[in-house]
Number of protein chains: 2
Amino acid sequence: MTALPPTRSRKAQIDGTATALFHARGFAATSMRELATAVGLEAGSLYSHVRSKEEILHRVCFGLAEEFFTAFDAATAATQQPVAQQLRQAIEAHVGVLTRDVAASSVFLHEWRHLSEPARTEFVALRDRYEAGFRALIQQGTAAGELRCPDPVFAALTLLASLNWLPTWYRPDGRLSPEDIAHRLAEQLLSGLAN
Amino acid sequence: MTALPPTRSRKAQIDGTATALFHARGFAATSMRELATAVGLEAGSLYSHVRSKEEILHRVCFGLAEEFFTAFDAATAATQQPVAQQLRQAIEAHVGVLTRDVAASSVFLHEWRHLSEPARTEFVALRDRYEAGFRALIQQGTAAGELRCPDPVFAALTLLASLNWLPTWYRPDGRLSPEDIAHRLAEQLLSGLAN
DNA sequence: TTTTTTTGCTAACGAGCGTTAGCAAGTATA
DNA sequence: TATACTTGCTAACGCTCGTTAGCAAAAAAA
């Protein structure tokens, strides 16, 4: 039926296109008919590949959660390293995931609230656990005297905030590579602006 | 008709409730019927006070834009001060607006994309102009040797990112006052985490 | 070959959407 | 008092939504 077999499965293509649309317009403002058109199908045909609109959102959100965890664990596996170094690597890992797929990251960060229960609660728990990882690093670093901060909870929030704004301005064809960005972010967050 | 006359006008009440709903569920996922119920009216009755759903969003977004500009201008009016000090005040002013109305801030930050043209383009221009204000301060500060940063554009983005994440975690009844938060944020962003 | 699975179509379902028309009662103005 | 404005109601408009049923053709499996 298809002229050339798609390199990605239809399902993956639908997920990818949906991610882009959710990113651009938001989950609630994206219709299945829009998605179908963007993918070259009729609306009803989507349901041969996908159970529901929310299932797509679920897959994107939880898929990215897994990516973040994997990246974080790899970055902090070498526990004999100085904690500040581990933190720097965790930052770079986080930025790596964000830049690899900006649309998916953005959906992960903003559209998860359209998940219905119990998925929504599960997701929030995952996200909290991830944040706790950063918080723990900052705490350890402070205890070890490598970092200085009056309030690790606060510091973790601020740090992730800076990183998570990235999908709103990052462009893959921009002048800075993902590695540059990661490096500068880590540098600036750890050193501050003051002279 | 009403037992006790509302202290705010109905229109203001509708705007406020809509802001809370847009914040909680998002603009697209909030229905006029939901809003009507929350405000104690029937759906059709809203239109005695409000021209359209989007008009509410427009008022919230542009209203907050004005608040941000006013606060920034006041914070940086004393141009004879050191630029780093002006920047600190601008940060505190920004946090002040954010914490004064978290829901409205959140709508300002996230829901503006549901504005239709030409309002949307106007809004983006306003927002860019606001960011440019921070960028200029950082640039001046760097030129004057008060600040140190390799890339003011980048620094401005990061700085506003940290601040703008606040509405996602700030609770008015939390353990830190808005002033504490503003002060700590400014401190941390200017000084960094490293020791 | 026959059978099964996959993929896609058309048509339609019930529901909810933003919004409007027409009307009534209350309130303010004259 | 008469007049106008404000506020709210009910009912409904046209439309879009997510989703399903039923069917056909292609692809894969037997």
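In what follows, every chain begins at residue 1, and chains take the letters A, B, ... in the order their sequences are listed. The analysis underlying the following values was restricted to heavy atoms, covering all of them including side chains, and did not include hydrogens, waters or symmetry mates.
- One can place CG of B:Leu41 at 10 Å from C1' of D:dC9, the figure rounded to the nearest angstrom.
- Taking 3.5 Å as the limit, the base of D:dG8 and the side chain of B:Ser48 contain a donor-acceptor pair of atoms between them.
- The closest side-chain heavy-atom distance from A:Thr99 to A:Leu166 is below 4.5 Å.
- Put simply, CZ on B:Arg25 is 16 Å from C1' on C:dC17, counting in whole angstrom units.
- In this structure, B:Leu35 atom CG and C:dG18 atom P are separated by 9 Å, rounded to whole Å.
- Residues from residues 49-56 of chain A that place a heavy atom under 4.0 Å from any atom of DNA chain C, listed by number: A:His49.
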Give every pair of a protein N or O atom and an N or O atom of nucleotides 11-15 of chain D that lie under 3.5 Å apart, one pair per line with the distance.
residue : atom : partner : partner atom : Å
D:dA12  : N6   : B:Arg33 : NH2          : 3.4

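- Within 6.0 Å of atom CD in A:Glu66, 12 or fewer heavy atoms from other residues, nucleotides or ligands are found, so the atom counts as exposed in its surroundings.
- Relative ring orientation between B:Phe134 and B:Phe72 is described as tilted, the plane-to-plane angle lying within the 30° to 60° band.
- A search for salt bridge (Lys or Arg N to Asp or Glu O under 4.0 Å) contacts involving A:Arg59 returns A:Asp15, A:Glu55, not counting sequence neighbours.
- Atom C1' of nucleotide D:dG18 and atom CG of A:Leu57 are separated by 15 Å, given to the nearest angstrom.
- A:Phe154 and B:Trp169 have perpendicular rings, their planes meeting at more than 60° on a 0 to 90° scale where under 30° would count as parallel.
- Rounded to whole Å, atom C1' of C:dA15 lies 19 Å from atom CE of B:Met32.
- Taking the six-membered ring where tryptophan is involved, the planes of B:Trp165 and A:His110 are tilted, since the angle between them lies from 30° to 60°.
- Across all non-hydrogen atoms, the minimal contact from A:Arg184 to B:Asp151 is NH1-CB, 3.0 Å.
- Across all non-hydrogen atoms, the minimal contact from B:Ala75 to B:Gln89 is O-NE2, 2.8 Å.
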Query raised in the report: So B:Arg88 and B:Gln85, side chain to side chain donor-acceptor pair (under 3.5 Å) or not? Walk me through it.
Result: CA-CA 5 Å; B:Arg88 181 172 249 111; B:Gln85 175 63 12; 4.9 Å; no
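- Screening residues 37-59 of chain A for ring-ring contact (aromatic ring centres under 6.0 Å, His included), with sequence neighbours left out, gives A:His58-A:Phe62.
- Side-chain contact, A:Ser162 with B:Thr158: no donor N or O sits under 3.5 Å from an acceptor N or O.
- With no hydrogens or angles considered, no side-chain donor-acceptor pair links A:Gln86 and A:Gln140 at under 3.5 Å.
- Checking the phosphate oxygens (OP1, OP2) of D:dT20, no side-chain nitrogen or oxygen of A:Tyr47 falls inside 4.0 Å.
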Can you check nucleotides 22-24 of chain D for protein contacts, nitrogen or oxygen pairs under 3.5 Å, and list what you find?
none

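- In this entry the distance linking CD of B:Glu42 with P of D:dT10 reads 5 Å, nearest Å.
- C:dG8 atom P lies 14 Å from atom NZ of A:Lys11, rounded to whole Å.
- Remark: aromatic rings of B:Phe108 and B:Phe123 are close, center separation under 6.0 Å.
- Over its length, the helix from C:dT2-D:dA29 to C:dA30-D:dT1 turns its helix axis by 10°, as judged from the five terminal pairs at each end, rounded to 10°.
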Report task. Report the C-alpha distance between A:Glu34 and A:Thr30 in whole Å, list the side-chain angles of each, state the deciding distance to 0.1 Å, and finish with yes or no for side chain to side chain donor-acceptor pair (under 3.5 Å). Result -> CA-CA 7 Å; A:Glu34 239 181 320; A:Thr30 302; 4.9 Å; no
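- Contact check, B:Ser45 against D:dT7: no side-chain N or O comes under 4.0 Å of OP1 or OP2.
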